> 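Structure in C-alpha cells, see below.
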Amino acid sequence: MANETVTLLSKREIEKMRRAGALAAKLLDHLTVLVQPGISTLEINDEAERWTQQHGAKSAPLNYKGFPKSICTSINEVICHGIPSSKEILKEGDIINIDVTLIVDGYYGDTSRTFFVGKPSATAKKLVEVTKECLRRGIAAVTPGGRVGDIGAAIQEYAEGEGFSVVRDFVGHGISNIFHTEPQIPHYGVRGKGKKIRPGMVFTIEPMINEGTWEAIVLKDGWTAITKDSKLSAQFEHTIAVTEDGVEILTRPED
Ligand code: MF3
Ligand code: CO
Ligand code: CO
C-alpha cells in the first residue's frame with residue numbers, strides 16, 4: 001500500500017468527527033420510521049439527501065468512486081453497497097441495512113444499522129441480533145496499547161460460535177477528513193496481531209455477518225455485494241475514536 005501510516009487526530013479534529021458522527025446517527029434515527037413495507041429504497045435515499053442538505057451537510061457516498069446515490073441500502077442477501085432504486089420495494093419480512101456517511105465541516109461520520117421490515121423470521125432475527133452484538137464486542141475489544149487483531153478476533157469468535165460467518169472482502173477503515181484510510185479493520189483475525197491501537201486513532205468497525213458462507217460476489221453494477229449462496233447478511237457500523245483510557249463511539253444514537 002502506498003501509505004500505511006496511521007494518522008493520529010488532534011483534539012480539535014476529534015471534536016469535528018464528533019459533530020459529523022452525531023449528525024450521521026441522527027440521520028439514521030430520522031430514517032428509521034420510513035422502513036415499512038411498500039416504500040422504495042430510492043424514496044429512503046431521497047429523504048436522506050433532503051435531510052442532509054437541510055442540515056448543512058454533504059452525503060459522502062454520492063459520486064464517491066462513481067457511486068450513484070447518497071446512501072447504501074442492502075436488503076437480505078446483499079452484504080453491502082446496495083444502490084437505492086425506485087424498483088426495489090421493501091416487503092414484510094425483509095432485513096435492510098441502511099449505511100449513511102455525512103461530511104460536516106470537512107470531516108466524515110459513517111454509521112449503519114440493519115432494520116426489520118415488519119416481523120422477521122427466526123433466522124433473520126437471530127442473525128441481526130448476533131451482528132449487533134458483534135459490533136458491541138468489537139468496540140469493547142478496542143484498548144489503547146492493544147492490537148487491531150483483538151477486534152477481529154472478538155467478532156469472529158462470537159459470530160462463528162453462533163453458527164454464522166464473517167465477511168472477509170470488506171473491512172472497517174480509518175476515517176477523518178478522508179472517507180477510507182489506514183488502518184484497515186478486519187472483522188476476523190488473531191488477538192495480539194496487527195497494528196498497535198493508539199489514542200487519537202479514529203476508525204470504523206462494521207462487521208458484515210452471514211447466515212451461510214462468508215464468500216461474496218459483486219454484481220455487474222460494480223457495487224452491489226451479495227452472498228455467494230444467496231443466504232442472509234446483516235451489518236452494523238460505528239465510527240469510534242480511541243482515547244487515552246478507552247474508546248468513544250462518535251455515531252451513538254441519542255436514546
Ligand atoms: N459507508 C460505506 C462504508 O462503511 C462505504 C460506502 S462507499 C459507497 O465504508 F460508495 F458505496 F457509497
Ligand atoms: Co465504513
Ligand atoms: Co458505512
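Computed from a predicted structure; not experimentally measured. Each ligand, and each atom within it, is numbered from 1 in the order the structure gives.
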> May I ask you to check whether His187 and Phe170 place their ring centres under 6.0 Å from each other?
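No - the distance between ring centres of Phe170 and His187 does not fall below the 6.0 Å cut-off.
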
> Quick check on the Co ion (ligand 2): does Asp99 put an N/O/S atom closer than 2.8 Å to it?
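No, outside the cut-off.
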
> Below 2.8 Å, can you find an N, O or S atom of His180 next to the Co ion (ligand 2)?
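It does not; every qualifying atom lies at 2.8 Å or beyond.
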
> Closest N/O/S atom of Asp110 to the Co ion (ligand 2), by atom name?
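Nearest N/O/S atom: OD2.
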
> What pair of heavy atoms forms the shortest contact from Leu27 to Ala48, and how long is it?
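Looking at all heavy atoms of both residues, the shortest contact is CD1-CA, 4.0 Å.
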
> Under 4.0 Å, heavy atoms only, figure out whether ligand 1 is touched by the backbone of Lys65, its side chain, both or neither.
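Answer for Lys65: neither.
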
> Heavy-atom count around Glu244 CD within 6.0 Å, excluding the residue itself: above 12?
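Incorrect, the count does not exceed 12.
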
> Please identify which atoms of ligand 1 are closer than 4.0 Å to at least one heavy atom of His173.
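That gives atoms 3 (C), 4 (O), 9 (O) of ligand 1.
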
> By atom name, which N, O or S atom of Glu206 is the nearest to the Co ion (ligand 2)?
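Restricting Glu206 to its N, O and S atoms, the minimum distance to the Co ion (ligand 2) goes to OE2.
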
> Can you sort out which atoms of ligand 1 are near Cys72, meaning under 4.0 Å from one of its heavy atoms?
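Once the distances to Cys72 are compared, the set is 6 (C), 11 (F), 12 (F).
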
> Nearest non-hydrogen atom to atom 4 (O) of ligand 1 belongs to which of Glu206, His180, Gln235?
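It is Glu206 that holds the nearest heavy atom.
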
> Can you tell me if CZ on Arg50 sees more than 12 non-hydrogen neighbours from other groups inside 6.0 Å?
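Above 12, so yes.
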
> State plainly whether the residues Glu182 and Lys195 are in salt-bridge range, i.e. N to O under 4.0 Å.
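Lys195 and Glu182: salt-bridged.
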
> Can you list the ligand 1 atoms lying under 4.0 Å from a non-hydrogen atom of Trp223?
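So the answer, numbered in order with elements, is 8 (C), 10 (F), 11 (F).
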
> Hey, which N, O or S atom on Glu237 ends up closest to the Co ion (ligand 2)?
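For Glu237, the N, O or S atom at the smallest distance from the Co ion (ligand 2) is OE2.
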
> Is Glu133 salt-bridged to Arg136, cutoff N-O under 4.0 Å?
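Yes, this pair counts.
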
> Mark up the atoms of ligand 1 that fall under 4.0 Å of a heavy atom belonging to Phe179, in ascending order.
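Those qualifying, in numeric order: 1 (N), 5 (C).
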
> Crowded around Lys132 NZ? As in, over 12 foreign heavy atoms under 6.0 Å?
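No.
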
> Which ligand 1 atoms are under 4.0 Å away from a heavy-atom of Thr101?
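Those atoms are 1 (N).
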
> For atom 2 (C) of ligand 1, what is the closest protein heavy atom, and at what distance to 0.1 Å?
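Nearest neighbour among protein heavy atoms for atom 2 (C) of ligand 1, to 0.1 Å: Asp99 OD2, 3.5 Å.
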
> Considering only the protein, which heavy-atom contact is closest to atom 12 (F) of ligand 1, and what is its distance?
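Its nearest protein heavy-atom neighbour is Pro61 CB, 3.1 Å.
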
> For Lys58, I'd like to know if atom NZ has over 12 heavy atoms of other residues, nucleotides or ligands within 6.0 Å.
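Result for NZ/Lys58: open.
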
> For a quick test of reading the model, state the closest non-hydrogen atom pair linking Ala24 to Val100 and the distance between them.
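Taking Ala24 first and Val100 second, the nearest heavy atoms are O-CG2, 3.6 Å.
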
> His180 and Tyr64: ring-ring contact (aromatic ring centres under 6.0 Å, His included), yes or no, with the steps?
CA-CA 11 Å; His180 296 102; Tyr64 176 74; 5.3 Å; yes

> How about Arg252: does its CZ atom have over 12 heavy atoms from other parts shown lying under 6.0 Å from it?
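Result for CZ/Arg252: open.
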
> Provide, to 0.1 Å, the distance between atom 3 (C) of ligand 1 and the closest protein heavy atom, together with that atom's residue and name.
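Nearest protein contact, heavy atoms only, for atom 3 (C) of ligand 1 is Asp110 OD2, 3.4 Å.
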
> Once you restrict to heavy atoms under 4.0 Å, what part of Ser112 touches ligand 1? Side chain, backbone, both or neither.
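For Ser112, there is no contact with ligand 1 at all, from either part.
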
> What protein heavy atom lies closest to atom 7 (S) of ligand 1? Include the residue and the distance to one decimal.
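The protein heavy atom lying closest is Tyr64 CD2, 3.8 Å.
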
